[in-house]
Amino acid sequence: MIKEYQTIREVSGPLMIVKGVDNVTYDELAEIELSNGEHRRCKVLEVNGSDAVVQLFESSAGINLAESKVRFLGHGMRLGVSEDMLGRVFDGMGRPIDGGPEILAEKYIDVNGLPMNPAARNYPSEFIQTGVSAIDGLNTLVRGQKLPIFSGSGLPHAQLAAQIARQAKVRGTDSSFAVCFAAVGITFEESEYFVREFKRTGAIDRTVLFTNLANDPAVERIATPRMCLTAAEYLAFEKNMHVLVIITDITNYAEALREVSAARKEVPGRRGYPGYLYTDLATMYERAGRRRGSEGSITMIPILTMPEDDLTHPIPDLTGYITEGQIILSRELYLKNVMPPVDVSSSLSRLKDKGIGEGKTREDHSGTMNQLFAAYSAGKDARELATILGESALSDVDKLYAKFAEQFEDAYVGQGFDSDRSIEETLDIGWKLLSILPVTELKRIKTEHIDKYLPKAE
């Protein structure tokens, strides 16, 4: 039985203290009924004896302490799930905002979920083709992996996120593929961009989209990624689908966490973020993976903007500890108009070796990947040497490496946001670029692969 309390004692910003409560638990949902009959929702942040501190999802304006009633609902935040969610757009609290009907829920699931038990995990091993050469060829994404994208303010991470969501597919399997996309703390224009882009390309049909806008309450921003992951877990582990989860922007999520933490007067950690930021991020990231006994899987690409392009900032720093690599966007490449501006030298996928090779991508993938990394690094060094000493100081081979680096950025990395390349196309472009160099420089590739794949000089 739901009890009503008319014992609100204090309202401070989004926080409210309710006295004399009984059997109320942390994270429990509650409803406030104002004297005019209006209803507003909130959740329990803290319980101290018979006092509960609750945070409002909406404004606290107009709440009359003496006449307003609070009802605690006896459960945490839940999401109604069914396969009808595919193709729909929801707000940060899981309510439809696309003009369609309410979802007829097959079941209701607590959005807080649990990280996957390590003993229940299957090792990630299957290649996911994103259609982006800088990822597929050099920093390969594997099914069940967590591979974040680190961006800077003003860099086109939104376009890259939309491109991956449109193009991603698991090759060589009959299982259905779905995308759960959470846009956290973004502007209305960005939200419209994602919806419009998915509808334009037809990707909306396999996408569940949650959008939390910048002017929505901080407590809703904390719930949005968990809504998205709950939908993903349902589709992956109950409907046996391969699900790609994209969350942008984790930085906005962490800022909301800091705001709530400050409101609760908690002792701050690095840069004012709560000391439990690592644990909180881990409880989200570790919900991704492959589960033993299940056909489905969750692969995650969290996207975060690094304040002042600082890789040592707490958010990218802690994310890097939890996830299996990172894709880093480069401001230097962006200013050169190389799109997407992926810095392949700084990027890393720790599981790439598990998802490439014969039967997964192609037999020459590992060798060409290592050779391209080495040649691009040598080419950048040659360009820097030419800038300092002049081009005349370069040897003939150095000049070829410098030429390779330029063409690599233009043709391989700079494919644009509308190009969807198969892994075979990506590997063939790599071979074409390697043909710029003398065969004697291709020391990381097997001779039989050079004979088979290297374009012959005309």
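Computed from heavy atoms alone, side chains included, the values below leave out hydrogens, waters and symmetry copies.
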- Message: Using a 6.0 Å cut-off, check whether atom CZ of Phe188 has over 12 heavy atoms from anything other than its own residue.
- Response: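 No, CZ of Phe188 has 12 or fewer neighbouring heavy atoms, counting only those of other groups under 6.0 Å.
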Salt-bridge criterion met for [X] and [Y] (N-O under 4.0 Å):
X: Arg41; Y: Glu31; answer: no
X: Asp280; Y: Arg226; answer: yes
X: Glu358; Y: Lys360; answer: no
X: Arg270; Y: Asp317; answer: yes
X: Arg291; Y: Glu233; answer: no
X: Asp420; Y: Lys169; answer: yes
X: Glu197; Y: Arg166; answer: yes
X: Lys43; Y: Asp27; answer: yes
X: Arg271; Y: Asp310; answer: yes
X: Glu324; Y: Arg350; answer: no
X: Arg421; Y: Asp136; answer: no
X: Asp418; Y: Arg200; answer: yes
X: Glu126; Y: Arg290; answer: yes
X: Arg71; Y: Glu33; answer: yes
X: Asp110; Y: Arg78; answer: no

- Using the side chain to side chain donor-acceptor pair (under 3.5 Å) rule, take Tyr376 and Glu409 through it: C-alpha gap first, then chi angles, then the decisive distance, then the call. CA-CA 9 Å; Tyr376 183 48; Glu409 288 174 358; 2.6 Å; yes
- List the steps, then state whether side chain to side chain donor-acceptor pair (under 3.5 Å) holds for Lys19 with Ser50. CA-CA 6 Å; Lys19 296 274 189 183; Ser50 62; over 6 Å; no
- Message: Which heavy atom of Leu147 sits nearest to which heavy atom of Gly325, and what is that distance?
- Response: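 That closest heavy-atom pairing would be CD1-C, 3.8 Å.
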- Task: Determine the minimum heavy-atom distance between Glu295 and Asn240, stating which atoms define it.
- Result: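 Between these two residues, the closest heavy atoms are N-OD1, 3.7 Å.
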- Residue pair Gln145, Lys352: steps toward the side-chain contact (heavy atoms from CB on, under 4.5 Å) verdict: CA-CA 10 Å; Gln145 186 176 1; Lys352 63 187 174 191; over 6 Å; no
- Message: Does Leu277 form a side-chain contact (heavy atoms from CB on, under 4.5 Å) with Leu318? I'd like the steps, not just the answer.
- Response: CA-CA 8 Å; Leu277 179 62; Leu318 296 177; 3.8 Å; yes
- Indicate, with yes or no, if the rings of Tyr273 and His313 have centres closer together than 6.0 Å.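 Aromatic pair counts; centres sit under 6.0 Å.
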- Query: Under 6.0 Å between the ring centres of Phe181 and Phe194?
  - Reply: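 Yes: the rings meet the under 6.0 Å criterion.
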- Task: Could you tell me the separation between the CD atom of Glu220 and the CG atom of Asp91, rounded to the nearest 0.5 Å?
- Result: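 Glu220 CD to Asp91 CG: 5.5 Å, rounded to 0.5 Å.
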- Starting from the C-alpha separation in whole Å, work towards a yes-or-no answer on side-chain contact (heavy atoms from CB on, under 4.5 Å) for Tyr253 and Ile315. CA-CA 10 Å; Tyr253 170 84; Ile315 306 169; over 6 Å; no
- Which is it for Leu160 and Leu155 under the side-chain contact (heavy atoms from CB on, under 4.5 Å) test, yes or no, and what are the steps along the way? CA-CA 10 Å; Leu160 180 58; Leu155 296 182; over 6 Å; no
